[in-house]
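Accompanying notes for the structure given below.
The shown structure was predicted, so the numbers you read here are calculated from the model rather than taken from an experiment. Order of the sequence lines sets the chain letters (A, B, ...), proteins ahead of strands, with each chain counted from 1.
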2 protein chains.
Amino acid sequence: MATIRDVAKAAGVSVATVSRVLNETGYVHEDTRKRVLEAIKQLDYSPNEVARSLFKGESRLIGLLLPDITNPFFPQLARGVEDVMQKQGFRLIFGNSDENAEKELDYINTFMQNHVMGIVSATYKPGNTNYRNLPIPIVFLDRTSDGNPSVYADGKEGGRIAATEIIKRGSKRVTLLKGPEHIRPALDRFQGALEVLSGSKVDFYVMTTNSFSFQDAKKWANELFVKYPDTDGVIASNDIVATAILHEALRLGKSIPQELQIIGFDDIPQSSLSFPPLSTIRQPAYDMGKEAARLLIKLIKKEKIKKKNIQMPVTFVERNTTREVDEHG
Amino acid sequence: MATIRDVAKAAGVSVATVSRVLNETGYVHEDTRKRVLEAIKQLDYSPNEVARSLFKGESRLIGLLLPDITNPFFPQLARGVEDVMQKQGFRLIFGNSDENAEKELDYINTFMQNHVMGIVSATYKPGNTNYRNLPIPIVFLDRTSDGNPSVYADGKEGGRIAATEIIKRGSKRVTLLKGPEHIRPALDRFQGALEVLSGSKVDFYVMTTNSFSFQDAKKWANELFVKYPDTDGVIASNDIVATAILHEALRLGKSIPQELQIIGFDDIPQSSLSFPPLSTIRQPAYDMGKEAARLLIKLIKKEKIKKKNIQMPVTFVERNTTREVDEHG
DNA sequence: TTGAAAGCGTTACCAG
DNA sequence: CTGGTAACGCTTTCAA
């Protein structure tokens, strides 16, 4: 690896000059600039980011904290973050916390030790103190933490929409799945749906599902039909669970959506590939990731921020686990 | 942020001593050790990794290069890599190449600039020169590159198994989907299946699908039944495509697996949630990731390596898009 | 317009 | 057992 000194020597100038042309800072004669550029090319030199980072106390690194990249919702967020960071010359250090505060803290610490310029975190849980007085900006993604910048979807509204749509389409005995208590968006959805359901005249059951994993999803699906065999509408806590429920319903010989309607949350890519394709409340995950990255960059550059809490809209994606609405109903 | 000097001052010793207790290198009296530890705790000091990295020319960073984290196969690999790296104190810088050599090179360069100790790459394409004479170890994951360490599944055998099983279960007009030419595992699967099909007495069609994306998968599925409406067995290029085909077949009213058998590749988590659940050739993605991480660490530590090319076994996961084999057939 | 040199926070070597 | 100090590769004054 060539160093700046090698370049200086090759170009017959001082390291200071090389540094100047590298950073386009200060005056440097056009001729010497050319010589330096030439030398750089010859030696295939590229500056050592670590040395740079040490001197400036800065870097081109961003920390990305996810609960679990294996959950299909998060890769989309991650990709959104990465795509804009990449274009801006930032690289991501990433870690999965498994919603575990210790692991999370461990990552945050090493992020700091590596001079990251900011953090995007999708793992905040209420009460968590890991983010207290961090000297760098942090934006929460998919989650919120009071007072901190964040990008998230309107979960409550999503819940309302889900309940409204399923009722509008004729379900009379709705089962509402409540996601993990400590995951804010899950709680929001639940509350939104609960609000509408409570105010309606349909019967409904609430069933708690305290995880989102593939493994457990099957368990919830199974449990659901044992407990509430007569349910004719399910508002699932996310698309994975919804898919598991669809699977189980089909296995039990129920016709979808005639006997049973199902609405999921998230609109992960595979949801349109189930059969029948899943009706769901869509979160614009990729765009949320991008938005979060943009916000963080502004924060890092200390630019003026209009809104530091960005709420993204959710939409009902009508596919075929819900019936068509009867206009004359 | 406290520095080592602050700690030294607080403990009334020299930075050299602090460094010694930090790294447990060289002698230091138990009493002073305690004083230093105390000061470290008081100041909430933790060593600056950047300075460390600059001095040692090393770091605790690993580069991870993926084609696209949004494809559900890769998060599993990534998680495997991360889990063992995490335990060993390594952090990941990660990037998606989109199978684009320039983007790939860009990432590799910044990896180097950040002193990563090694790279795990799942994006190699034949002919790619981006990895030529890198001064650090690299292990290819899911791909191979002649001479370089790698961890991959036995795609060819997977293809053979898929063809054998589908024939054994009675398909007479098999459609074999050929994945992207430049993706080695896809090619291997294809060749393995082709080998068995060619040697059998069933008819078969070959259809080329040059991507693995969700978007395109639907297109292939559609095309398939237009071109080969009489096919009664599909060997898909991966589970995403298989799911899309299952979807389309169901949409067309075909009964699965009676009229049409489908076998996928990978066994991504959602494959067991389709209905009917997808029969597939499983790759142990998570374990492959772990294996790759372990191999890379050994390489970094310059430990003796038994095998630098690790082939992982594939297995037929019999679910319900294939019929039961007729023992008396 | 250019160069010398200090310093970013560590580690490792050499004396003592 | 401990301390002083050079060095890692870079950027940034300060002088020239």
Fill in the blank from the handout: Ranking dT2(D), dT11(C), dT1(C) by distance to the side chain of H29(B), first place goes to dT2(D)
Practice task
Indicate yes or no for a side-chain donor-acceptor contact from D266(A) to the backbone of I268(A) under 3.5 Å, with no hydrogens or angles considered.
Solution key: no
Problem - Sidechain-backbone polar pair: R35(A) side chain, A11(A) backbone, donor-acceptor under 3.5 Å - result: yes
Fill in the blank from the handout: Rounded to whole Å, the CG-C1' distance (L22(A) to dT11(D)) equals 10 Å
Exercise for the section: Report yes or no: is the cationic atom of R20(B) (NZ for Lys, CZ for Arg) under 6.0 Å from the centre of the six-membered ring of Y27(B), at an angle within 45° of the ring normal? Expected result: no
Exercise for the section: Residues of residues 47-59 of chain B with any non-hydrogen atom less than 4.0 angstrom from an atom of DNA chain C: list those, numerically ordered, please. Expected result: P47(B), N48(B), A51(B), R52(B), F55(B)
Handout entry: Short side-chain N/O contact from T25(A) to OP1 or OP2 of dT11(D), under 4.0 Å
Key = no
Handout entry: Residues R52(A) and E49(A) bridged, charged N to O under 4.0 Å
Key = yes
Exercise for the section: Report yes if at least one side-chain N or O of S14(A) is closer than 4.0 Å to OP1 or OP2 of dA4(C); otherwise report no. Expected result: no
Fill in the blank from the handout: Rounded to whole Å, the NZ-P distance (K34(A) to dT1(C)) equals 14 Å
Exercise for the section: For the residue pair Y131(B) and S121(B), confirm or rule out a side-chain donor-acceptor distance under 3.5 Å. Expected result: yes
Problem - Under 3.5 Å donor-acceptor, K290(B) side chain and D83(B) backbone - result: no
Practice task
Mind calculating the distance between CG (D6(B)) and C1' (dT10(C)) to the nearest angstrom?
Solution key: 13 Å
Practice task
Examine dG3(D): is either OP1 or OP2 under 4.0 Å from a nitrogen or oxygen in the side chain of T17(B)? Give yes or no.
Solution key: yes
Problem - Residue I4(B), side-chain atoms from C-beta onward, closest of dG3(D), dT11(C), dG3(C) - result: dT11(C)
Completion exercise
Taken to the nearest whole Å, CD1/I40(B) to P/dG9(C) is 16 Å
Problem - Minimum-distance pair of heavy atoms, taken over all atoms of A285(B) and L77(B) - result: O-CD2, 3.3 Å
Fill in the blank from the handout: Rounded to whole Å, CG of D31(A) lies from P of dT2(C) at a distance of 9 Å
Handout entry: From dT11(D), dT2(D), dT12(D), nucleotide with atom closest to A16(A) side chain
Key = dT12(D)
Handout entry: Any Y45(B) side-chain N or O less than 4.0 Å from OP1/OP2 of dT10(C)
Key = yes
Practice task
Mind checking T3(B) for me? I need base, sugar-phosphate or nothing, with any heavy atom below 4.0 Å counting as a touch.
Solution key: sugar-phosphate
